[in-house]
Amino acid sequence: MSLKLYNSLTRQKEVFTPINPPYVGMYVCGPTVSGESHLGHARPFITFDVIFRYLQYLGYKVRYVRNITDAGHFEEEGREAEDKISSKAVLEKLEPMELVQKYTNLYHWAMSQFNNLPPSIEPTATGHIVEQIEMIKKIIADGYAYEANGSVYFDVEKYNTDFSAKGQPYGILSGRVLDEQIESTRELDNQDEKRNKSDFALWKKAPAEHIMRWQSPWGEGFPGWHIECSAMSTKYLGEEFDIHGGGMDLQFPHHECEIAQSTVCNHKMPARYWLHNNMITINGRKMGKSYNNVIKLSELFSGNHPILEQAYAPATVRFFILQSQYRSTLDFGNEALQGSEKALKRLMEAFDWLQQQNDLGSTGTNIDTALDEKVNKLVADFDTFMNDDLNTAKVIANMFELLPVINSIKDKHIAATALHSNTVALLKKQLHTFLIDIFGLQINKADNNDKLDGVLQLLINIRKDAKSRKDFVTSDKIRNELAALGVQLKDEKDGGMSYTI
RNA sequence: GGUCCUGUGGCCGAGUGGCUAGGCAGAGCUCUGCAAAAGCUUCCACAGCGGUUCGAAUCCGCUCGGGACCUCCA
């Protein structure tokens, strides 16, 4: 049973075979830190975090590179033109690195809220200007780029002509045919420095007011949109690596351009497997700045947004995302998120209870064979479903089928001896592996500190006393007032009580 | 306009041609001092029309609807 991944390049699921096992190189396009990340950004980072974790679970040694785009046009929203020119005082002027720092910090904060593991390397575009310039020089030397008025453009038409012959036309990833695009745009040529409109910038000459600028063989300027990913993936993962990931919206032109640049430089298709997550939609529309329907992550976590009926915990959002397959669109809605919130709570409570049990299961004749087989099958399918292009939705569905079994044992509707000890051990282990290690869903565990727990145990004991005296006024008062504070008490079957915050 | 994706019950979503997806919500029951939780049972589907097939949500065609990319975009 081997891992299959849907490769956008070949448009089919393929068995994943690393170039140099057990090593795996994975590059994922990171954020542009000129603004705060929104819900839409959460999807690729959570998706590829789960892939990163799953590959490690499979025994691979993964180098996960995720860049930060901190070069280019930098304008903070709502703080535009005036800053670019005006003040001479350093502190009044927009300092691009100040924005970069601010939004990088926010981004890292959001990533840790989601319990995403840090990537192995997180390179920045500004830290790799030299590599980018070297790469551009190489592309010019090979004849696939030209300088025009201090800027450098990639010659897409020449590339397409030459590399079509080698079976790798421009458009191989996105399925676009270059000729069609050129036809409709030729008229604009003489107004442009570009030879063809489909040409893209490798290096842009910096206008006088542009603050972010670097010295280059072509004058002062800044790198183009696509070259950073080619330069950094080559540097850290080599000329050919295993997985390149990102959102579907990056397939064209960004990834297409990466392929062209890297192929010219390294004479190789940079990545074997191109993975693209689908979009999160809101009312059927992709979430994006131009649609004016963005929910920033800080707003999502605080509930402070007109669309939101309440705050949603990072774990809820993570779980919501994992409840769908990563290549499907996922429609955001309050009802859906609230459903995920309740579902996750139920799942984690059963999980936590199970992990605390040490003497469930038996080896004797009390075993319910049919049930035992069912549980084993459900657990075994965790791997099967993940191997089928990471179907986290199906894994979660299986977990919910296991839930009644666990809860019935807890409530003694099913005997503690009904499952074989080995089955119980496997169930505990695999639930932990998938829920915690791979899905990364145990997030808010640190809430319970000892003092708080002590206080709550005290209240629970007082309530137990009151109940035993049939003093329901007192017992209800404790329960209701704790509920008002957000602490929920539950009377267990065996007379015990537990709480959740 | 070009390229491509998609339409599943109140909501979100899996679905490899024949077998209950799952979750949330709703209804009933059990347990309970009451509640909550949990368990059990249950209601509600495959946009429409044709075709292929013994059999289609799943394949094909058409119609209608939604969306993405073609410009920075996760």
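Computed from a predicted model, the values in this text were never measured in an experiment.
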In whole Å, what separates the P atom of B:A74 from that of B:G66?
27 Å
Given the C1' atoms of B:U63 and B:G7, what is the spacing between them in whole Å?
14 Å
Need the pair for B:A38. Rule: Watson-Crick or G-U wobble, both distances under 3.5 Å, any strand; none if unpaired.
B:U30
Now, which nucleotide makes the Watson-Crick or G-U wobble pair with B:G55, with each of the two distances under 3.5 Å?
none
Between A:Asp381 and A:Lys394, does at least one N-O distance fall below 4.0 Å, as a salt bridge requires?
no
Test side chain to side chain donor-acceptor pair (under 3.5 Å) applied to A:Arg463 and A:Asp491, A:Asp476, A:Thr474, the passing residue:
A:Asp491
Side chain of A:Gln113, backbone of A:Leu297: donor and acceptor closer than 3.5 Å?
no
What is the nucleic acid contact for [X], judged by heavy atoms within less than 4.0 Å: base, sugar-phosphate only, or nothing?
X	answer
A:Glu341	nothing
A:Leu330	sugar-phosphate
A:Asn391	sugar-phosphate
A:Phe385	nothing
A:Gly288	nothing
A:Gln488	sugar-phosphate
A:Lys286	base
A:Thr47	nothing
A:Tyr326	nothing

Tell me which of A:Ser328 and A:Phe472 sits closer to the 5' end of RNA chain B, going by the nucleotide each one is nearest to.
A:Ser328
Assign each of A:Phe400 and A:Leu39 to its nearest nucleotide of RNA chain B by heavy atoms, then name whichever residue's nucleotide is nearer the 5' end.
A:Phe400
Within-4.5 Å side-chain heavy-atom neighbours: A:Leu9 and A:Tyr273:
no
Is there a donor on the side chain of A:Lys289 or the base of B:C72 sitting less than 3.5 Å from an acceptor on the other?
no
Donor-acceptor pair (no angle test) under 3.5 Å: A:Arg479 side chain, B:A35 base:
yes
A:Pro253 has its side chain closest, among B:C70, B:G13, B:A21, to B:C70
Does any donor atom in the side chain of A:Asn7 or A:Gln12 lie under 3.5 Å from an acceptor atom in the other side chain?
no
